[in-house]
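Presented below is the structure to which this report refers.
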Amino acid sequence: MAAAIPFSVSLSLSSDSQPSKRLPVSLTSSNLQLPFLSPHKSLHFSSRSRVSSKCSSPSPSPSPSPSPPPPPPSSTTTITTTTTTSAETSSASTTYSYLEDSYKTGRFLSNEEIEKLNALQDFRYYQQLETGSMCVRLMRLEEMDITVKLLAESFVESMVLPVGYVSLLRYLVKQYLVERRAAMPHAVTLIGFYKAKQEMDTGEEMEDLEELAGTVEVCFDKRGANTSPPTPTSPKNAPYICNMAVKGSLRRRGIGWNLLKASEELISQMGSMQDVYLHCRMIDSAPFNMYTKAGYNIVKTDSLWVLLMLQRRKHLMCKKLAVLKNPSGLDIPGSDTKLSSQLDMLKS
């Protein structure tokens, strides 16, 4: 008699001491506090075993001569185990999968969230500029350090802090980005890469290696919203754009404008609400002019009381977007041009 018993074991462990604590979006000298570490430990183990057991009992020989007693029933057991870890799976795959990050957080994803993650993974925004070209996509795990460096340097510059604060801000920003990645697909961090054009002696144009030019964060709904939003407070269930930063040496080339357009295109393709919000400090005239040109209007402005908390007064601005009914064009190069024309027609 033979029996085959297949079984499958899947174990996923995660620990997060403070999963709900988030770094405030608005960093000022009055609220710089050292957060507690939020270590993320993850273990993914998958085992498939097949146990086959065969038992036989030989009958005694019919010979009349005395025979030795029959041997005891023999038992043969064969065990085959196959173990697959998430590290081996990721190394075997040639494409980056954001689903692996969700497994490491230890939370279950619905079918709708998995579809959104797949759509976000394919998102690309391409744009040809006068001095080069630009591509915007989601930040990957191995690109977090260079993004942290860019954000920390931008915050130090905007808040007029000493250079010695860069190390502290790097630590705070990295903890913040780690926690924000756990909120995908409800919030994402986009990064833009820039390729400059150079003319050769023959008159032909060639592009340099791409470099990180800027970053921006996009929240789609209340599950991706910050727990400590800046004032004036925007609706938590509405899309929100924040933490935009452009590398200092690449400014005045349209990087910030295309980061904003890429964020708007992603929000429209993800089918979020039509109203998108962002904040702009009153002293930042260049970003304010860019937002106004893009179609954003002031909804509310901070009162004078925020000055007592050593904060800058900010405008809450809003724009109504066109929601695309067919999000299948997420990875089509040049789809940004078609969307930009649609947005311009809507604005007019």
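Just so you know, these numbers come straight off a predicted model, no measurement behind them.
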Query raised in the report: With sequence neighbours left out, what residues match Glu115 under side chain to side chain donor-acceptor pair (under 3.5 Å)?
Result: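 Residues passing side chain to side chain donor-acceptor pair (under 3.5 Å) with Glu115: none at all.
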
Pair [X] + [Y], salt bridge at N-O below 4.0 Å:
X      : Y      : value
Arg312 : Asp302 : no
Glu143 : Arg137 : yes
Glu265 : Lys261 : no

Min side-chain heavy-atom separation [X]-[Y] under 4.5 Å:
X      : Y      : result
Leu120 : Leu266 : yes
Leu316 : Leu278 : no
Ile241 : Val216 : yes
Cys219 : Arg180 : yes
Lys300 : Thr233 : no
Asn226 : Tyr176 : yes
Leu260 : Met244 : yes
Leu117 : Met184 : yes

Query - Those residues that, when tested against Tyr291, pass ring-ring contact (aromatic ring centres under 6.0 Å, His included) (two or more places apart) - result: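 Listed in chain order: nothing, the list is empty.
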
Rounded to the nearest 0.5 Å, what separation is found between the [atom1] atom of [X] and the [atom2] atom of [Y]?
X      : Y      : atom1 : atom2 : result
Thr147 : Lys174 : OG1   : NZ    : 11.0 Å
His279 : Ser234 : NE2   : OG    : 5.5 Å
Met159 : Leu310 : CE    : CG    : 12.5 Å
Asn243 : Glu217 : CG    : CD    : 5.0 Å
Ile114 : Phe108 : CD1   : CZ    : 11.5 Å
Leu177 : Leu151 : CG    : CG    : 6.0 Å

Under a 3.5 Å distance rule, please check whether [X] uses its side chain to pair with a backbone N or O of [Y] as donor and acceptor.
X      : Y      : answer
Arg252 : Ser249 : no
Thr215 : Leu190 : yes
Asp284 : Cys280 : no

Query raised in the report: Stepwise, does the side chain to side chain contact (heavy atoms under 4.5 Å, CB included) test hold for Phe288 with His315?
Result: CA-CA 9 Å; Phe288 178 78; His315 294 303; 4.0 Å; yes

Query raised in the report: How would you list, by chain and number, every residue that makes a salt bridge (charged side-chain N to carboxylate O under 4.0 Å, His left out) with Glu211, sequence neighbours excluded?
Result: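 Partners of Glu211 by the salt bridge (charged side-chain N to carboxylate O under 4.0 Å, His left out) criterion, ordered by chain and then number, come out as Lys247.
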
Requested in this report: Using the side chain to side chain contact (heavy atoms under 4.5 Å, CB included) rule, take Met317 and Val299 through it: C-alpha gap first, then chi angles, then the decisive distance, then the call.
Outcome: CA-CA 5 Å; Met317 308 184 72; Val299 177; 5.9 Å; no

Query raised in the report: Taking the hydrophobic residues Ile, Leu, Val, Met, Phe, Trp and Tyr, and joining any pair whose side-chain heavy atoms are under 4.5 Å apart, which ones share a cluster with Leu308?
Result: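 Joined to Leu308, directly or through intermediates: Trp305.
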
Requested in this report: Give the other cluster members for Leu304, using side-chain heavy-atom distances under 4.5 Å between Ile, Leu, Val, Met, Phe, Trp and Tyr residues; answer none if it is isolated.
Outcome: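 Noted: Leu304 shares its cluster with Leu307.
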
Requested in this report: Quick one: do Arg170 and Asp145 satisfy salt bridge (charged side-chain N to carboxylate O under 4.0 Å, His left out)? Show the steps, please.
Outcome: CA-CA 9 Å; Arg170 282 188 183 181; Asp145 290 337; over 6 Å; no

Query raised in the report: With His186, which residues qualify under side-chain contact (heavy atoms from CB on, under 4.5 Å), at least two apart?
Result: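 Result, side-chain contact (heavy atoms from CB on, under 4.5 Å) vs His186: Glu113, Asp221, Arg223.
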
Report task. State, to 0.1 Å, how close Val156 and Val166 come at their nearest heavy-atom pair, and which atoms those are. Result ->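 Between these two residues, the closest heavy atoms are CG2-CG2, 3.7 Å.
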
Query raised in the report: After noting the C-alpha distance and the side-chain angles of Lys319 and Glu264, does the key distance pass the salt bridge (charged side-chain N to carboxylate O under 4.0 Å, His left out) rule?
Result: CA-CA 10 Å; Lys319 177 182 178 180; Glu264 293 176 355; 3.3 Å; yes

Requested in this report: Could you go through the side chain to side chain contact (heavy atoms under 4.5 Å, CB included) check for Met282 and Lys314 one step at a time?
Outcome: CA-CA 5 Å; Met282 295 181 64; Lys314 300 176 293 299; 5.9 Å; no

**Report entry** Worked verdict on Tyr171 versus Val173 for side chain to side chain contact (heavy atoms under 4.5 Å, CB included)
**Finding:** CA-CA 6 Å; Tyr171 171 78; Val173 172; over 6 Å; no

Query raised in the report: Can Ser133 and Tyr194 be counted as having a side-chain donor-acceptor contact under 3.5 angstrom?
Result: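 No - no donor-acceptor pair under 3.5 Å links their side chains.
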
